[in-house]
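Here is the structure we will look at.
Every value quoted in this text rests on a predicted model; they were computed, and no experiment measured them.
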Amino acid sequence: QNIDIIQEKIDHRIHQYRDEQKSFEQLQSKYDAEEKTYYKALQFVQQAKQRKELLEEMEDEYAGFYQGVKEVLKARHTLPGIEGAIAELIQVDKSYSVAIDIALGASLQHIVVKNEEAARAAIQFLKTNRSGRATFLPMTVIQPKEIPSHLINQIQNNPAFVGIAANLVSFDGKYANIIHHLLGNVIIAKDLQGANELARIIHYRNRIVTLDGDVVNPGGSMTGGAAKQKTSSLLSRKQELDTLQTKLVDMENKCIVL
């Protein structure tokens, strides 16, 4: 009888041990998985930091800007009235970045200045240092461009119409005349077929750019195709840097939680 009781106790302890062993193995497995996730997250954070530092270095060195523009931007603290290049002064949603990039073209590197005197001083600086050329947009003289309201009324309810380019970018209000001068008369359309349709409605009076970057020019000519991958696009670089800065904060917070 005593032996049966002892055996029963032994069996109970064995079952208890096995249950605890199973719980331990599950906890160990969970720990290993979480540790792996943690170190993987740390690796992602490190990679993101390295990419951010590279992009910041490119921003600081004005990589991708024309020589003349770069020299003026680097000397902005000694030159009077330099506000910055258009690429620095606007923020663009990722869904519109290709269209705005194409719509602005070389204008992305135009330099906004307070007045004509500032433009003259910067041009003299470039001449003196033989540092190339740049285009300047004095805030005191540049006038906005716009599409007549009767034309907008004809196309704004069309499914292909995305918006007027100037209304799809964000910027400080003091640059409104400049941005509307560059983008106020440019229409953004969903696709090329839609752009052709809109162009017919407005009698080919304004440039229409699609979200993919194809263009219907005033008069009806069309430009498009497969553009080379623009790894150094000024707008995309700025967007990536902004996105990385936001993501890094979130990723680092998650690492702390882990």
Taking the side chain as everything from C-beta on, heavy atoms only, tell me whether [X] gets closer than 4.5 Å to [Y].
X: Val72; Y: Val69; result: no
X: Met222; Y: Asn196; result: yes
X: His180; Y: Lys145; result: no
X: Lys74; Y: Lys70; result: yes
X: Val113; Y: Glu83; result: no
X: Lys40; Y: Thr37; result: no
X: Gln46; Y: Gln43; result: no

Do other residues, nucleotides or ligands put more than 12 heavy atoms under 6.0 Å from [X] [atom1]?
X: Gln28; atom1: CD; value: yes
X: Phe125; atom1: CZ; value: yes
X: Glu117; atom1: CD; value: no

Strictly distance-based, threshold 3.5 Å: is any side-chain N or O of [X] a donor or acceptor partner for the main-chain N or O of [Y]?
X: Asp214; Y: Thr210; answer: no
X: Ser23; Y: Asp19; answer: yes
X: Gln109; Y: Ala87; answer: no
X: Thr128; Y: Gln124; answer: yes
X: Ser131; Y: Asn129; answer: yes
X: Ser97; Y: Asp93; answer: no
X: Arg133; Y: Leu126; answer: no

Under-4.0 Å salt bridge between [X] and [Y]:
X: Arg76; Y: Glu88; value: yes
X: Lys49; Y: Glu53; value: no
X: Glu240; Y: Lys52; value: no
X: Lys238; Y: Glu59; value: no

Using the rule that two of Ile, Leu, Val, Met, Phe, Trp, Tyr join whenever any of their side-chain heavy atoms come within less than 4.5 Å, decide whether [X] and [Y] are in one cluster.
X: Val215; Y: Leu198; result: no
X: Leu211; Y: Leu104; result: yes
X: Phe161; Y: Val169; result: no
X: Leu151; Y: Val186; result: no

- prompt: When you look at Asp250 and Leu248, which way does the side-chain contact (heavy atoms from CB on, under 4.5 Å) test go after all the steps?
  reply: CA-CA 5 Å; Asp250 184 50; Leu248 260 174; over 6 Å; no

Please tell me whether [X] and [Y] have a donor and an acceptor in their side chains that are separated by less than 3.5 angstrom.
X: Gln21; Y: Glu25; result: yes
X: Asn185; Y: Glu146; result: no
X: Ser233; Y: Asp101; result: yes
X: Glu71; Y: Tyr62; result: no

message: For Ile202 and Ile208: C-alpha separation, side-chain torsions, deciding distance, then whether side-chain contact (heavy atoms from CB on, under 4.5 Å) applies.
response: CA-CA 11 Å; Ile202 63 171; Ile208 302 176; 4.2 Å; yes

Roughly how far, to the nearest 0.5 Å, is the [atom2] atom of [Y] from the [atom1] atom of [X]?
X: Tyr175; Y: Leu89; atom1: OH; atom2: CG; value: 5.0 Å
X: Leu168; Y: Ile188; atom1: CG; atom2: CD1; value: 6.0 Å
X: Ile111; Y: Ile178; atom1: CD1; atom2: CD1; value: 12.0 Å
X: Ile179; Y: Asp172; atom1: CD1; atom2: CG; value: 10.0 Å
X: Leu235; Y: Lys94; atom1: CG; atom2: NZ; value: 13.0 Å
X: Leu241; Y: Ser236; atom1: CG; atom2: OG; value: 11.5 Å

message: side-chain contact (heavy atoms from CB on, under 4.5 Å) for Glu116 and Val141? Distances and angles first, verdict last.
response: CA-CA 8 Å; Glu116 292 168 289; Val141 298; 3.6 Å; yes

- prompt: Given Gln7 and Asp11, is the side-chain contact (heavy atoms from CB on, under 4.5 Å) satisfied, shown in steps?
  reply: CA-CA 6 Å; Gln7 185 63 48; Asp11 290 342; 3.1 Å; yes

